[in-house]
Chemist: 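Let me begin by handing over the structure; questions about it come next.
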2 protein chains.
Amino acid sequence: MVEWDPYDRNCPTRKVLDRIGDRWTVLVVGTLAGGPLRFSELAARIDGISQKMLTQTLRGLEQDGLVTRTVTAAVPVRVDYELTTAGRSLQEPLKALEDWAKEHMASILDARDRFSVEAPR
Amino acid sequence: MVEWDPYDRNCPTRKVLDRIGDRWTVLVVGTLAGGPLRFSELAARIDGISQKMLTQTLRGLEQDGLVTRTVTAAVPVRVDYELTTAGRSLQEPLKALEDWAKEHMASILDARDRFSVEAPR
DNA sequence: CAGGATCCAGAGGGATACTG
DNA sequence: CAGTATCCCTCTGGATCCTG
């Protein structure tokens, strides 16, 4: 395996970090973790996402081989999204992040409050 | 502990995900994992970051209680940044992400290539 | 050295309207 | 239903110049 270095600006891993960094990717992958879902189901479960962002995020994940898009010809059309093997493997580190966020929320919110009080900047 | 829900648009964990999602946060925390560093050292190791973004990222982390900022009065001034306990705990899930990125880079790049060829959209 | 302040182009992303 | 297309505005973030 080649040695990737995210600290080099030209390293492709930067692009991957960007994709993951996308606020919606974490939530979409997390939502699909439970199994395949339709477009509308995803939209319903991820509060606040616009259809534009949902489409865009799904396209990105599809492009990276992390999600499959299955169209079932019917009226009306049915489209299912499902994590690939690679996608499921991503779900693990993402869940670690999500867990971390939940675990440290209280202390972070606390720190933010105190910061605005002190901060002799 | 309260039940946080990132899938709710009003949940504060959304803000935390945003902060983590910041492309620079991952790299800054990763760089500080090895121990305290000065501003200029950070800037030197993280290729492509502007001083504005570095400052901004550090302020954010400081505000969230993940990084401490220590000023040593001298001429010229010396400022060290160091991960707090909470910061070090974040370093773990972030490293998981970094590792994932390195591990799947090849297949992702491959998928992107193939995508541009097919894609009968 | 470690930044604060400013300017500014461009991407991100929401709202709305339309289509196969 | 599952998008695509368009408008438009906000915020990101880089470049540059200045200061304790």
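Protein chains get the first letters and strands the later ones, always in sequence-line order, with residue 1 at the start of each.
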Chemist: With a 4.5 Å heavy-atom cut-off, do A/L97 and A/V26 have their side chains touching?
Modeler: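 No; the side chains remain at least 4.5 Å from each other.
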Chemist: Would you mind telling me which of C/dA2, D/dA2, D/dG14 lies closest to the side-chain atoms of B/V79?
Modeler: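 Side chain of B/V79 sits closest to C/dA2.
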Chemist: What's the closest nucleotide to the side chain of B/S40 if the choices are D/dA2, D/dC17, C/dC1?
Modeler: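 Nearest listed nucleotide: C/dC1.
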Chemist: Give the nucleotide from the list C/dG14, D/dG13, D/dG3 with an atom nearest to the side chain of A/F39.
Modeler: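 The answer is D/dG3.
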Chemist: To the closest 0.5 Å, what do you measure between CD (A/Q91) and OG1 (A/T31)?
Modeler: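 Taking CD in A/Q91 and OG1 in A/T31, the distance rounds to 10.5 Å.
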Chemist: Given atom CG of A/L37 and atom C1' of D/dC1, what is their separation to the nearest angstrom?
Modeler: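 The answer, rounded to whole Å, is 15 Å.
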Chemist: B/R23 has a side chain; which of C/dG14, D/dG13, C/dC1 sits nearest to it?
Modeler: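 Nucleotide nearest to B/R23's side chain: D/dG13.
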Chemist: In whole Å, what is the span from the CZ atom of A/R78 to the C1' atom of C/dG20?
Modeler: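 Checked: the CZ to C1' distance equals 19 Å.
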Chemist: From OH of B/Y81 over to P of C/dG3, roughly how many Å is that when rounded to an integer?
Modeler: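 Interatomic distance, OH of B/Y81 to P of C/dG3: 3 Å.
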Chemist: Would you call A/R78-A/D80 a salt bridge at under 4.0 Å N-O?
Modeler: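 Yes, this pair counts.
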Chemist: Which nucleotide in the list C/dG3, D/dG13, D/dT4 gets nearest to the side chain of B/R59?
Modeler: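 Closest nucleotide among those given: C/dG3.
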Chemist: Which nucleotide, D/dG14, C/dG4, D/dT4, lies nearest any side-chain atom of B/T55?
Modeler: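 Within the option list, the nearest is C/dG4.
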Chemist: Rounded off to whole Å, could you give me the CG-to-P distance for the A/D22 and D/dC11 pair?
Modeler: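 Rounded to whole Å, this separation is 18 Å.
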Chemist: I want to check one thing: is the phosphate of D/dC1, taken as OP1 and OP2, less than 4.0 Å away from some side-chain N or O of A/R38?
Modeler: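 For A/R38, the contact criterion (side-chain N or O under 4.0 Å from OP1 or OP2 of D/dC1) is not met.
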Chemist: Figure out the CG/P separation between A/L54 and D/dT4, and round it to whole Å.
Modeler: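 Rounded to the whole Å, the gap is 11 Å.
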Chemist: If each of A/V77 and A/W24 is mapped to the nucleotide of DNA chain C with the nearest heavy atom, which maps nearer the 5' terminus, i.e. the 5' end?
Modeler: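 The residue mapped nearer the 5' terminus is A/W24.
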Chemist: Would you mind telling me which of D/dT6, C/dG20, D/dG14 lies closest to the side-chain atoms of A/K52?
Modeler: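 So the side chain of A/K52 is nearest to D/dT6.
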Chemist: I need the CE-C1' distance between A/M53 and C/dG12, as an integer number of Å.
Modeler: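 Distance, rounded to whole Å: 7 Å.
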Chemist: Let me confirm one number: the CG-NZ distance from A/L109 to B/K15, rounded to the nearest 0.5 Å.
Modeler: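 Nearest 0.5 Å value for the CG-NZ distance: 10.0 Å.
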Chemist: Provide, to the nearest angstrom, the distance between the CD atom belonging to A/Q56 and the C1' atom belonging to D/dA2.
Modeler: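 About 16 Å, once rounded to whole Å.
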Chemist: Hey, which of A/L27, A/L66, A/L37 is the one that makes side chain to side chain contact (heavy atoms under 4.5 Å, CB included) with A/L32?
Modeler: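 Filter result, single survivor: A/L37.
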Chemist: Of the options D/dG3, D/dA2, D/dG14, whose atoms approach the side-chain atoms of B/S50 most closely?
Modeler: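 Of the options given, the side chain of B/S50 lies nearest D/dG14.
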Chemist: Find the distance B/Q51:CD to D/dT16:P and express it as a whole number of Å.
Modeler: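 Result: 10 Å.
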Chemist: Under 4.0 Å between a side-chain N/O of A/R69 and OP1 or OP2 of D/dG3, yes or no?
Modeler: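 Indeed, a polar side-chain atom of A/R69 lies that close.
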